[in-house]
2 protein chains.
Amino acid sequence: MKPINVFKALSNETRLNILEWLKEPEKHFPKQGAHLPKEVSYKGGVCVGDIQEKAKVSQSTVSSYLNLMQKAGLLESIRHGQWTYYRRNEEFIQQFAKYFKTEI
Amino acid sequence: MKPINVFKALSNETRLNILEWLKEPEKHFPKQGAHLPKEVSYKGGVCVGDIQEKAKVSQSTVSSYLNLMQKAGLLESIRHGQWTYYRRNEEFIQQFAKYFKTEI
DNA sequence: ATTATATATCTAGATTTCTCGATATGTCAA
DNA sequence: TTGACATATCGAGAAATCTAGATATATAAT
């Protein structure tokens, strides 16, 4: 775990928003693509296209943002057919919160 | 409180080190300048020159780093004569840790 | 007043990050 | 296999950050 990379990942308004949106996907991504039944989809995360639409940045930008956040540890992804679903890595995030409280 | 600015302040190895050193100033700045009696000095923080020496960056760099961290809320400073002493703003840092745990 | 010391501010080149459009890859449907 | 769609990767210009040296400002000592 490299704290610097986590802080860098969080040093951007759009990425910070994405992380917060993914706390409540049902709330922030109501018209989820019909690719999967809601339960499955939410459990597995939100697909790139839906995140892009809400974030209002280009497809390539959102893709690299998500990749960067995943490398930092904040997100994890699952591929389902042609879609990639991203969701929060809650375990890592809580672990990092603890690190912050005790080490920073 | 602007979280982005806090994350940006923490997105640098040197600044992160400084924040950690200031958790235990006696440990990391043993040969404190003789400007003030130890108790006073530690309570008030560590002077810029001592931090610079340990961080091994230029005087202007460390000065702007400290200023940036202060603006973000992480540090506070007190001037004593020709010296400026920087110390952690523990209240802010704890508050931010709580924000991280609940909002991020 | 002058000099010395500590810190802050200014300026600028090097590096990194941001962000896009273009293109490549992977998957599904016909 | 071909075409359509979702996502990933590439390449590049714009913007921000990094960091140093030079200079300015503030305080202290003589």
Side-chain angles (χ1 to χ4, degrees), chain A residues 2 4-19 22 29 31-36 40-41 44-72 74-87, chain B residues 2 4-19 22 29 31-36 40-41 44-72 74-87:
Chain A
K2 288 190 173 181
I4 288 272
N5 291 335
V6 179
F7 291 129
K8 283 185 180 176
L10 297 171
S11 293
N12 175 285
E13 202 80 57
T14 301
R15 290 193 297 262
L16 208 46
N17 285 337
I18 290 172
L19 197 61
L22 290 178
F29 303 94
K31 60 173 184 113
Q32 270 268 331
H35 342 114
L36 290 174
V40 179
S41 152
V46 179
C47 75
V48 179
D50 288 352
I51 298 173
Q52 184 206 342
E53 188 178 345
K54 187 160 177 71
K56 293 189 173 63
V57 292
S58 76
Q59 189 272 322
S60 61
T61 295
V62 84
S63 177
S64 63
Y65 278 5
L66 293 168
N67 182 255
L68 183 151
M69 292 168 84
Q70 179 172 27
K71 276 184 182 157
L74 295 164
L75 300 183
E76 51 196 8
S77 68
I78 301 171
R79 197 166 235 268
H80 263 280
Q82 53 192 326
W83 290 275
T84 305
Y85 294 86
Y86 281 89
R87 66 180 175 199
Chain B
K2 288 192 173 180
I4 288 274
N5 290 335
V6 179
F7 290 129
K8 284 185 180 177
L10 297 171
S11 294
N12 175 284
E13 202 78 56
T14 302
R15 289 193 298 261
L16 208 45
N17 284 337
I18 291 172
L19 197 60
L22 291 178
F29 303 94
K31 59 169 185 115
Q32 270 269 330
H35 341 114
L36 289 175
V40 179
S41 151
V46 179
C47 75
V48 178
D50 288 351
I51 298 173
Q52 184 207 344
E53 187 177 346
K54 187 159 178 72
K56 292 188 174 62
V57 291
S58 74
Q59 189 272 323
S60 62
T61 295
V62 84
S63 178
S64 62
Y65 278 6
L66 294 169
N67 181 254
L68 183 151
M69 293 169 83
Q70 179 171 27
K71 276 183 183 158
L74 295 164
L75 300 183
E76 52 195 7
S77 68
I78 302 171
R79 197 165 236 269
H80 261 283
Q82 52 192 326
W83 292 275
T84 306
Y85 294 85
Y86 282 89
R87 66 180 175 199

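Just so we're on the same page: letters track the sequence lines, and every chain starts at 1.
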Could you check how far [atom1] of [X] sits from [atom2] of [N], rounded to whole Å?
X       : N      : atom1 : atom2 : answer
B:Ile78 : C:dT7  : CD1   : P     : 14 Å
A:Gln52 : D:dC5  : CD    : P     : 15 Å
B:Asn5  : D:dA16 : CG    : P     : 13 Å
B:Met69 : D:dT17 : CE    : P     : 16 Å
A:Phe7  : D:dC18 : CZ    : P     : 14 Å
B:Asn17 : D:dC18 : CG    : C1'   : 16 Å
A:Tyr85 : D:dA8  : OH    : P     : 12 Å
A:Leu10 : C:dC18 : CG    : C1'   : 16 Å

Drop me the distance from A:Leu22's CG to A:Tyr86's OH, to the nearest 0.5 angstrom.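 One finds 11.0 Å between CG of A:Leu22 and OH of A:Tyr86.
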
Nearest-0.5 Å distance that lies between atom CG in A:Leu10 and atom CG in B:Leu10: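 If we round to the nearest 0.5 Å, A:Leu10:CG and B:Leu10:CG are 10.0 Å apart.
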
What does the list of N/O pairs under 3.5 Å between the protein and nucleotides 8-11 of chain C look like, with a distance for each?
residue: C:dA8; atom: OP1; partner: B:Tyr86; partner atom: OH; Å: 3.2
residue: C:dA8; atom: OP2; partner: B:Ser63; partner atom: OG; Å: 3.0
residue: C:dA8; atom: N7; partner: B:Gln59; partner atom: OE1; Å: 3.3
residue: C:dA8; atom: N7; partner: B:Gln59; partner atom: NE2; Å: 3.0
residue: C:dA8; atom: N6; partner: B:Gln59; partner atom: OE1; Å: 2.9

Just to verify, what does A:Gln59 make a side-chain hydrogen bond (donor to acceptor under 3.5 Å, both in side chains) with, not counting sequence neighbours?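 For A:Gln59 there are no side-chain hydrogen bond (donor to acceptor under 3.5 Å, both in side chains) partners, ignoring immediate neighbours.
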
Could you work out which one of C:dC18, D:dC18, D:dA20 sits closest to the side chain of A:Tyr65?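 From the listed options, C:dC18 comes nearest.
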
To the side chain of B:Asn12, which of C:dC20, D:dC18, D:dT27 is closest?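 Output: D:dC18.
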
Those residues that, when tested against A:Phe7, pass ring-ring contact (aromatic ring centres under 6.0 Å, His included) (two or more places apart):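 With sequence neighbours excluded, A:Phe7 shows a ring-ring contact (aromatic ring centres under 6.0 Å, His included) to A:Phe96, given in chain and number order.
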
Nearest-nucleotide comparison on DNA chain C, the residue closer to the 5′ end among A:Lys8 and A:Val57: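 The 5'-side residue here is A:Lys8.
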
Are any non-hydrogen side-chain atoms of B:Asn67 and B:Leu75 less than 4.5 angstrom apart?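 Not in contact.
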
Quick one: does any side-chain atom of A:Arg15 pair with a main-chain N or O of A:Lys8 as donor and acceptor, under 3.5 Å?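 Side chain of A:Arg15 to backbone of A:Lys8, a donor-acceptor pair under 3.5 Å: yes, one is there.
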
